[in-house]
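This is a predicted model, so every value here is computed, not measured.
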Amino acid sequence: MEYVIVDKEYGKAGVKLLFASKVGKKHSIKELEVETSLTLASEKDYKYGDNSDIIATDSQKNTVYVLAKQFGVESLEKFGIILANHFITKYPWVLRARVALSQTPWKRIQDPEGVEHNHAFFNSPSSTRIAEVIMDRTRVPKVRSGIRGLTVIKTTQSAFVNFVSDEYRTLPDAEDRIFSTIVTADWSYANISGLDFCKAYSTVESTIIDVFAGPAYNGVYSPSVQNTQYEAQKSIMKKIPQISSVKISMPNRHYFPVDFTRFNIPEVQGEGAGQVLMPVDKPSGMITSNLARSALTSKL
């Protein structure tokens, strides 16, 4: 019987570093976690135990630190390209290098007047920025960026009505409901020439939030999670022409009203009035879609 290795890679996960730039009085920091994975041309390490082509995972870890020192960390994407290009260029037997990166969210501390501190920061985990760079021997990087854990909620301007009604349905129409979700987004670039990755990331994040929330005083109506998701994807691709596709996943974070009909309590009026709702983590609906430019999909 013949056996074929259909896919293989190896590397180092959980490589953590803090890059502190101290040029001038205003310092900046980027804290990263990096994963490197290499695919070699040979299979002799698997089949015969011959390690002569293996770049040890510890060596890959050291490479991350050395290249951060030599080139700095401007953005996840650019540092990922530097790493991937290094492995492809230095080792001719490496067919593919994959670098996955995530960034710890630090923000500058501000004084009561809103002036930013030069060298003090606080951890603000509103969301996590990620990136992945894949490079083969063509040396053309494939760059994917993303957002993890962007949790949002709004208390009105959301509905879910007129869905399938059959013998399995128990959920009533909701004309006005709480809308909360945890956004996971990934987008791919068709062209990265001259692209400011940090600006692009900020644009994507702010666009998702703006489409979800709408104007500050009036908000925006959402007939479904699906529609909000589509409008966010479309707006992102209009603002950033270099992006070829946007994939977003949005689980429903449910909040159901507590039933007070069993309790003999008066209805509160005026300033103290409000709803009491119970968070329900599981099960939850999951809405996922991947929007691509039609010119791209027609060629596939």
Side-chain angles (χ1 to χ4, degrees), residues 7-21 28-41 54-106 125 127-150 184-205 236 240-248 290:
D7 194 18
K8 57 186 174 69
E9 66 176 10
Y10 77 101
K12 196 72 164 181
V15 182
K16 296 185 178 183
L17 69 93
L18 175 71
F19 182 77
S21 174
S28 62
I29 60 171
K30 286 187 173 66
E31 185 173 348
L32 313 182
E33 184 167 326
V34 182
E35 176 184 324
T36 59
S37 293
L38 306 179
T39 299
L40 308 184
I54 290 181
I55 302 104
T57 63
D58 190 66
S59 302
Q60 295 181 41
K61 175 199 70 176
N62 294 336
T63 301
V64 173
Y65 293 138
V66 170
L67 294 186
K69 178 65 174 175
Q70 288 182 322
F71 298 100
V73 180
E74 180 180 330
S75 68
L76 295 185
E77 293 84 356
K78 285 193 175 181
F79 187 54
I81 291 171
I82 289 170
L83 284 167
N85 186 64
H86 168 86
F87 289 121
I88 290 293
T89 302
K90 185 171 179 61
Y91 307 105
W93 60 92
V94 173
L95 295 181
R96 187 185 74 164
R98 181 178 64 84
V99 182
L101 312 96
S102 63
Q103 183 171 331
T104 301
W106 290 102
S127 63
T128 300
R129 178 177 175 178
I130 69 159
E132 182 181 66
V133 176
I134 297 176
M135 188 181 295
D136 57 22
R137 300 228 55 87
T138 64
R139 291 184 173 82
V140 178
K142 297 178 180 178
V143 180
R144 178 178 64 92
S145 302
I147 294 171
R148 298 290 182 268
L150 178 59
T184 295
D186 294 282
W187 56 96
S188 299
Y189 293 104
N191 177 17
I192 62 171
S193 178
L195 183 67
D196 184 333
F197 290 106
C198 292
K199 183 178 179 181
Y201 176 86
S202 296
T203 299
V204 171
E205 185 179 50
I236 288 167
I240 309 176
Q242 295 94 330
I243 290 178
S244 58
S245 63
V246 183
K247 181 179 180 181
I248 296 181
N290 192 357

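Smallest separation of non-hydrogen atoms from Asn290 and Val246: OD1-O, 3.2 Å. For Ile248 against Ala185, the heavy-atom pair with the smallest separation is CG1-CB, 4.0 Å. The minimum heavy-atom distance between Ala190 and Ser244, with the atom names listed, is CB-CB, 3.9 Å. Closest of all the heavy-atom pairs between Leu101 and Gly80 is CD1-CA, 3.9 Å. For the pair Gly11 and Thr57, the tightest heavy-atom approach, listed with the atom from each and the gap, is O-CG2, 3.1 Å. Closest non-hydrogen pair, Tyr201 versus Gly146, comes out as CE1-O, 3.4 Å.
In this structure the side chain of Trp93 reaches within 4.5 angstrom of the side chain of Ile55, judged on heavy atoms. A 4.5 Å side-chain heavy-atom check between Ile240 and Thr203 finds at least one atom pair inside the cut-off. Side-chain atoms of Lys142 and Met135, non-hydrogen and from C-beta on, never get closer than 4.5 Å to each other. With contacts defined as side-chain heavy-atom distances shorter than 4.5 Å, the pair Asp136/Leu95 does not qualify. Counting heavy atoms from C-beta outward, Ile29 and Leu18 have side chains that approach closer than 4.5 Å. Under the 4.5 Å side-chain criterion, counting only non-hydrogen atoms from C-beta, Val133 is not in contact with Phe79.
We find the CZ-OG distance between Phe19 and Ser28 to be 7.5 Å, quoted to the nearest 0.5 Å. With rounding to the nearest 0.5 angstrom, the CD1 atom of Ile88 is 8.0 Å from the CG atom of Asn85. A distance of 9.0 Å separates CD1 in Ile130 from CG in Leu76, rounded to the nearest 0.5 Å. A distance of 7.5 Å separates OG in Ser75 from CD1 in Ile81, rounded to the nearest 0.5 Å. Here Ile147 contributes atom CD1 and Thr184 contributes atom OG1; the two are 9.5 Å apart, rounded to the nearest 0.5 Å. Note that NZ of Lys30 is 5.5 Å distant from SG of Cys198, once rounded to the nearest 0.5 Å.
For the 3.5 Å distance criterion, the side chains of Thr36 and Gln60 qualify, holding a donor opposite an acceptor. Counting only N and O atoms by type, the side chains of Ser193 and Asn191 include no donor and acceptor under 3.5 Å apart.
Side chain of Lys61 to backbone of Gly14: no donor-acceptor contact under 3.5 angstrom is found.
In this structure, the ring-ring contact (aromatic ring centres under 6.0 Å, His included) partners of Phe197, at least two apart in sequence or on a different chain, are Tyr189. Not a single ring-ring contact (aromatic ring centres under 6.0 Å, His included) links Trp106 to another residue, sequence neighbours left out. For Tyr65, there are no ring-ring contact (aromatic ring centres under 6.0 Å, His included) partners two or more places apart in sequence or in a different chain. Arg144 pairs by the salt bridge (Lys or Arg N to Asp or Glu O under 4.0 Å) definition with Glu132, Asp186, not counting sequence neighbours. Contacts of Glu35 classified as salt bridge (Lys or Arg N to Asp or Glu O under 4.0 Å), with partners at least two apart in sequence or in another chain: Arg98.
The aromatic rings of Tyr91 and His86 sit perpendicular to each other, their planes meeting at more than 60°, with 30° as the lower class boundary.
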side-chain hydrogen bond (donor to acceptor under 3.5 Å, both in side chains) between Gln103 and Thr128, worked out = CA-CA 6 Å; Gln103 183 171 331; Thr128 300; over 6 Å; no
Taking it one step at a time, do Leu17 and Val64 satisfy side-chain contact (heavy atoms from CB on, under 4.5 Å)?
-> CA-CA 9 Å; Leu17 69 93; Val64 173; 3.5 Å; yes
Can you check salt bridge (charged side-chain N to carboxylate O under 4.0 Å, His left out) on Glu31 and Lys16, steps first, answer last?
-> CA-CA 7 Å; Glu31 185 173 348; Lys16 296 185 178 183; over 6 Å; no
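Here salt bridge (charged side-chain N to carboxylate O under 4.0 Å, His left out) pairs that include residues 71-89, with residues two or more places apart or in two chains, are Glu74-Lys78, Glu77-Arg129.
No more than 12 heavy atoms of other residues, nucleotides or ligands lie within 6.0 Å of NZ in Lys199, so this atom counts as exposed by the packing criterion.
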